[in-house]
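Below: the structure, in C-alpha cells.
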Amino acid sequence: MSRKKRILSGMRPTGKLHLGNYVGALENWVKLQGEYDNFHLIADYHVLTTQTDTSQILENTLEMVADWIACGIDPDQSPVFRQSQIKEHAELHLLFSMLVTTARLERNPTLKEQAKDLNMDSLIYGHLGYPVLQSADILLYKGEVVPVGEDQAPHVEITREIARKFNTLYGEVFPIPQTKLAVIPRLPGLDGAKMSKSLNNTILVADSPDEVQQKVMRAITDPQKIRRNDPGHPEVCNVFTYHKQFNAQEVPQIEADCKSGVLGCVDCKKNCAKKISDTFAPYADKRNHLINHKSELLDIIADGEKRAGKVARETMEAVREVMKLG
Ligand code: TRP
C-alpha cells in the first residue's frame, strides 16, 4: 500500500471563522481528510506579525478550533496544534531565514496587500519574514500538499524555493510542497472586497439563521439592478457567488431569472441566506458543546501538540545532521 501524502495547513487564530476561511481552506481540509494525512496548525506566532496584544489569542484559538472540529476536522486523525508550543518552528525559521533574500520577501504580493489594508507605513522585521515562518511550519512536517486560499499561494511558492535551496545545499530532507486551491479560492465579502474580519464584511460559520439573513440582506448586488424587474448581471453580484458555493443546484435557474428580471434581489437574498444557514445548521450543536467545554478543546490541542512535536523533533534532527550542527 502506498503511503498517504501529508497535508499541512493552518490559520491564524483570529476568533470565529467566516465563510471565506471555510470556503478557501477548511472545507477542503475536511474533504481531503482520509485521503491524505492531515496536520493542522494554529498559527499563533503569525498573529504577532500584525499585533502586539496577546490577551485574546487563547480565546480566539479555542473559538477557531471549535469551528474546525464542528465542521468536520477529526482530531484523532488529524493533529491540531499551536505553533508556539513546538519550539522547532522557531529553530527552523531561523535556519531558513538564511536561505532567502530580503528582496525576494519584499516582492511578496500578499505582504503588500496586507500592508495596504492595515495602513502600515513601515514594516516589522518579523512581518517581512512571515512566509519564512510559514515555510518552517510546512516543512517541519514535510507537508506535501497545502490547501489554502489564493492569498496564501505566494507563501507556498517561497516555501518551495526554500526547500529546493536547502536540499541543494545540504541534502534531500524536504519535499517540494504544492498549493491546493479551493474551487472558489477567494470568496468576496458582503461589500465585494475580500472577506475579512478587519473589513467588517463577513458572515460567520457560527452566525444564527437570523444573523445570516440580516447580513445577506445588506450584501451589495448588481448596482445596475435597482428595481425588482430590472435585468441583472449575476457575474458581478456577490450574492450570486454565494449561490454558486452554497446553492449550486439552483444556479442555472437563478442566473436565468436574474438576467430576465423575473427574480428580484430580495427574494434571491432570502433564498441564499437560507441555503447558507442550512449548510452550517448541522454543525451548531457540536460547536456549542465544545465552546461550553473548553477543557475538551484544550485536551484535543495538547494531544495534537504531543503528536506534532514528535514529527517536528525528528525533522529537526535530520536537519541538524545534514547541516553538521550536531
Ligand atoms: N498564513 C496563513 C493564513 O493567514 C496561516 C498559516 C501559517 C499557514 N502557517 C501556515 C497556512 C502553513 C498553511 C500552511 O491563513
Side-chain angles (χ1 to χ4, degrees), residues 5-29 32 36-51 57 60-61 64-65 67-68 73 78-86 88-90 92-93 96-97 105 108-115 117-118 124 126-163 174-182 185-187 194-199 202 304 308 311-312 315:
K5 280 194 178 175
R6 168 79 40 92
I7 278 183
L8 184 295
S9 194
M11 291 182 198
R12 273 170 300 164
T14 52
K16 295 184 177 124
L17 296 189
H18 58 64
L19 300 194
N21 303 131
Y22 176 78
V23 171
L26 180 57
E27 187 185 25
N28 237 353
W29 300 359
L32 301 170
Y36 290 83
D37 178 26
N38 288 31
F39 274 61
H40 295 302
L41 165 113
I42 300 156
D44 53 354
Y45 275 158
H46 274 117
V47 171
L48 305 177
T49 59
T50 53
Q51 68 182 59
I57 293 182
N60 285 342
T61 294
M64 178 176 82
V65 173
D67 277 332
W68 286 3
I73 291 299
S78 311
V80 166
F81 54 96
R82 286 166 295 179
Q83 203 178 29
S84 66
Q85 300 309 301
I86 298 172
E88 285 75 11
H89 287 264
L92 193 56
H93 167 246
F96 281 174
S97 72
L105 296 174
N108 172 9
T110 300
L111 183 80
K112 286 188 190 158
E113 193 175 322
Q114 223 174 33
D117 285 352
L118 300 171
I124 302 289
H127 197 174
L128 182 66
Y130 189 116
V132 185
L133 180 57
Q134 188 158 341
S135 302
D137 298 341
I138 295 169
L139 296 174
L140 205 42
Y141 304 93
K142 302 197 177 165
E144 295 164 282
V145 176
V146 189
V148 279
E150 197 171 48
D151 60 322
Q152 297 299 312
H155 297 167
V156 180
E157 193 48 48
I158 291 173
T159 306
R160 293 161 61 83
E161 290 168 22
I162 290 179
F174 297 115
I176 309 301
Q178 280 182 329
T179 306
K180 198 171 180 88
L181 292 181
R186 189 180 186 123
L187 195 74
K194 183 191 167 176
M195 192 177 279
S196 155
K197 201 175 182 194
S198 56
L199 300 177
T202 62
V311 178
T315 305

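Start at 1 and go down the list; that is how both ligands and their atoms are numbered. Source: prediction; values computed, not measured.
Near Ala43, the atoms of ligand 1 lying under 4.0 angstrom from a non-hydrogen atom of the residue are 7 (C). If you number the atoms of ligand 1 from 1 as listed, the ones under 4.0 Å from a heavy atom of Tyr130 come out as 1 (N), 2 (C), 3 (C), 4 (O). Of all atoms in ligand 1, numbered sequentially from 1 with element shown, those under 4.0 Å from a heavy atom of Gln152 are 1 (N), 2 (C), 3 (C), 4 (O), 15 (O). The distance from ligand 1 to the heavy atoms of Arg12 drops below 4.0 Å at these ligand atoms: 4 (O). Taking a cut-off of under 4.0 Å to the non-hydrogen atoms of Val148, the atoms of ligand 1 that pass are 11 (C), 13 (C). Each of the following atoms of ligand 1 lies closer than 4.0 Å to a heavy atom of Ile138: 12 (C), 14 (C). The Leu41 neighbourhood of ligand 1 comprises atoms 7 (C), 9 (N), 10 (C), with distances under 4.0 Å to a heavy atom of that residue. For ligand 1, the atoms closer than 4.0 angstrom to any heavy atom of His46 are 7 (C), 9 (N).
Ring centroids of Phe81 and Tyr141 are separated by less than 6.0 Å, placing the two rings close together.
For the pair Asp44 and Ser84, the tightest heavy-atom approach, listed with the atom from each and the gap, is OD2-OG, 2.5 Å. Between Ala308 and Phe39 the shortest heavy-atom distance is CA-CE2, 4.0 Å.
Contacts between Ser9 and ligand 1, counted as non-hydrogen atom pairs separated by less than 4.0 Å, involve both the backbone and the side chain. Only the side chain of Val146 comes within 4.0 Å of ligand 1, judged by heavy-atom distances.
In terms of protein heavy atoms, atom 5 (C) of ligand 1 is closest to Gly10 O, 3.6 Å. The protein heavy atom nearest to atom 10 (C) of ligand 1 is Gln134 CG, 3.4 Å. Looking at atom 9 (N) of ligand 1, its nearest protein heavy atom turns out to be Asp137 OD2, 2.7 Å.
Counting heavy atoms from C-beta on, the side chains of Tyr36 and Arg6 never come closer than 4.5 Å. Proximity of Pro79 to His40: side-chain heavy atoms (C-beta onward) are nowhere separated by under 4.5 Å.
Considering both main-chain and side-chain atoms, Gln83 never comes within under 3.5 Å of ligand 1 through any nitrogen or oxygen pair.
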Using a 3.5 Å cut-off and no angle test, enumerate the donor-acceptor pairs between side-chain atoms of residues 9-16 and protein atoms at least two apart in sequence or in another chain.
| from | atom 1 | to | atom 2 | distance (Å) |
| --- | --- | --- | --- | --- |
| Ser9 | OG | Trp29 | NE1 | 3.3 |
| Ser9 | OG | Pro147 | O | 2.8 |
| Arg12 | NE | Tyr130 | OH | 3.1 |

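Listed for the Gln83 side chain is a donor-acceptor partner under 3.5 Å among the backbone atoms of Tyr45. Distance alone, capped at 3.5 Å, places no donor-acceptor pair between the Asn28 side chain and the Ala25 backbone.
Counting heavy-atom neighbours within 6.0 Å of Ile124 CD1, excluding the residue itself, gives a total of 12 or less.
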